[in-house]
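Right, one structure below, let's go through it.
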There are 2 protein chains.
Amino acid sequence: MTPPPQDEFLDAAKRGRGADKARQMLKVAQLYCTEARIAILQVLMQAARPLRQDQIAGQLTERAMSKVTVYRTLESLIEVGLVHRAFTYQRAWYFELADHCTEHQCHPHFTCTNCGVTHCLMDVLLPLAKISQKGFVVDRQQVRLEGLCPACA
Amino acid sequence: MTPPPQDEFLDAAKRGRGADKARQMLKVAQLYCTEARIAILQVLMQAARPLRQDQIAGQLTERAMSKVTVYRTLESLIEVGLVHRAFTYQRAWYFELADHCTEHQCHPHFTCTNCGVTHCLMDVLLPLAKISQKGFVVDRQQVRLEGLCPACA
DNA sequence: GAGGAATATGCAACTGAGTTGCATATTTTT
DNA sequence: AAAAATATGCAACTCAGTTGCATATTCCTC
Ligand SMILES: [Mn+2]
Ligand SMILES: [Mn+2]
Ligand SMILES: [Zn+2]
Ligand SMILES: [Zn+2]
């Protein structure tokens, strides 16, 4: 009886392989390798969608963590470009790894107005708005979609 | 000495011409014609950009209004499609009239990360993300841009 | 490895945009 | 004018996110 691949992956992450990846990312970014940063990076690496602070905290299996620390940890990861704020929904920020981003634009996010679930549209890329001739310098273009997801349509 | 056109327009709005337009919009929408709705619609009709609740309240010259009423008024105007929530910035919603919208998409908004001012890009329209073949039903596509505005670049 | 500087964490208290219940006021309908 | 329907104001509340400060952890140097 071999365990299913997901469990194997999660197990590996807990045992340290995911932690090593996180440590390396932090070293490159010149951030202290703290328990909080390693754990939160691992949670975000395994996440299929952006997560709120409380969802991230809820995934921390090893040790509970103050929400202040979660917020400050995310802030530090954002500052060095490892994480970004994907969008807000019902007054709360959703965070995700910043790896799937192109220079000025990340993938779009679709939020279902019926079930509230958000999907990352990894393979959808809209053209950048051409507004530089008007004197604007675009740093980031963000696309949000709302409607019904396949399960709710 | 004729007053400049802006003042003339503002004056006309105060005197009732803008109010008549608002009354008509409310009648069509089957909403009670209340002081609050007429006043807030007029403020939004004259606004060059989306406004927060406190900015709207600050523009109400005739009579002060409880912030609860401003929020509930906006909510009712949103329900009938006259107003929409344009975006959030620093945890606050910005509201605007829902007239420049096409069926599934409004114009993009550019927020300057230096001065904080938002510009409505009325003449910019990105294509709709083609995700219906994946089973998604898109109700609304929203585009946000960040960077430096012409004044700050 | 020990010591010290730099940085991160937890706690408790705070902030502020937005919401809710309920009594009262306004608008519309009859 | 009276009744029914709806809107408003007040005070109290919610809750995601922030701040000050004492303590703990990480890293760097010797
Ligand atoms: Mn995503
Ligand atoms: Mn706009
Ligand atoms: Zn759904
Ligand atoms: Zn600017």
Side-chain angles (χ1 to χ4, degrees), chain A residues 19-20 22-43 50-58 60 62-80 82-96 111 116 118, chain B residues 19-20 22-41 43 50-58 60 62-80 82-96 116 118:
Chain A
D20 287 347
R23 279 175 195 282
Q24 197 189 330
M25 293 162 77
L26 292 170
K27 197 153 198 175
V28 171
Q30 303 194 58
L31 285 182
Y32 278 20
C33 280
T34 66
E35 249 187 66
R37 286 188 184 133
I38 293 164
I40 287 178
L41 273 179
Q42 283 182 272
V43 167
L51 299 175
R52 291 190 308 263
Q53 173 277 137
D54 62 295
Q55 295 175 315
I56 294 169
L60 299 170
E62 299 294 314
R63 194 169 60 82
M65 196 182 300
S66 148
K67 72 171 180 175
V68 178
T69 300
V70 176
Y71 279 120
R72 287 200 274 226
T73 298
L74 289 167
E75 183 61 40
S76 70
L77 296 173
I78 289 167
E79 265 170 31
V80 298
L82 287 173
V83 169
H84 67 193
R85 295 184 173 87
F87 58 88
T88 51
Y89 182 59
Q90 294 178 344
R91 292 181 60 67
W93 276 108
Y94 284 71
F95 302 86
E96 70 180 348
T111 302
T118 293
Chain B
D20 287 347
R23 279 175 195 281
Q24 198 189 329
M25 293 164 76
L26 292 171
K27 196 154 199 174
V28 170
Q30 302 195 58
L31 285 181
Y32 278 20
C33 279
T34 66
E35 249 187 67
R37 286 188 184 133
I38 293 163
I40 287 178
L41 273 179
V43 169
L51 299 176
R52 291 190 309 264
Q53 171 277 137
D54 61 296
Q55 295 174 316
I56 294 169
L60 299 171
E62 298 294 314
R63 194 171 60 81
M65 195 182 300
S66 148
K67 71 171 179 175
V68 178
T69 301
V70 177
Y71 280 120
R72 287 200 274 227
T73 298
L74 288 167
E75 182 60 41
S76 69
L77 296 173
I78 288 168
E79 264 170 30
V80 298
L82 286 173
V83 169
H84 68 193
R85 293 183 174 88
F87 58 89
T88 51
Y89 183 61
Q90 295 177 343
R91 291 182 62 68
W93 276 108
Y94 284 71
F95 303 86
E96 71 180 347
T118 293

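Residue numbers start from 1 in every chain, and the chains themselves are labelled A, B, ... in the order their sequence lines are given, proteins ahead of strands.
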CZ (B:R23) and CG (B:L26) are apart, to the nearest 0.5 Å, by 8.5 Å
On the nucleotide C:dA8, are OP1 or OP2 found under 4.0 Å from the side-chain N or O atoms that A:T73 carries?
no
With B:T69, which of B:K67, B:M65, B:R72 fulfils side-chain contact (heavy atoms from CB on, under 4.5 Å)?
B:M65
Sequence-aligned protein contact record of nucleotides 16-25 of chain D, with B where the base is within under 4.0 Å of a protein heavy atom and S where only the sugar-phosphate is
BBBBB-----
Out of curiosity, A:L51 CG to A:W93 CH2, how far, rounded to the nearest 0.5 Å?
15.0 Å
Heavy atoms only, 4.0 Å cut-off, all strands: where does B:S76 land among base, sugar-phosphate and nothing?
nothing
B:F87 vs B:Y94 aromatic rings, parallel, tilted or perpendicular, using cut-offs 30° and 60°?
parallel
Checking A:L31 against A:L77 for the side-chain contact (heavy atoms from CB on, under 4.5 Å) test, could you report, in this order, the C-alpha distance in whole Å, the side-chain angles of both residues, the deciding distance, and whether it holds?
CA-CA 9 Å; A:L31 285 182; A:L77 296 173; 4.1 Å; yes
So, is A:R37 near the phosphate of C:dT7, with a side-chain N or O under 4.0 Å from OP1 or OP2?
no
Steps toward side-chain contact (heavy atoms from CB on, under 4.5 Å) verdict (A:Q55, A:R52)
CA-CA 5 Å; A:Q55 295 175 315; A:R52 291 190 308 263; 3.7 Å; yes
Distance, rounded to the nearest Å, where B:K27 contributes NZ and C:dT29 contributes P:
8 Å
Rounded to whole Å, how long is the line connecting atom CD1 of A:I40 with atom C1' of C:dT9?
12 Å
Check the distance between C:dA17's C1' and B:Y89's OH and give it to me in whole angstrom.
16 Å
Atom CD of B:Q30 and atom P of D:dA5: how far apart are they, to the nearest Å?
16 Å
Expressed as a whole number of angstroms, how long is the span from A:L31:CG to D:dC28:C1'?
16 Å
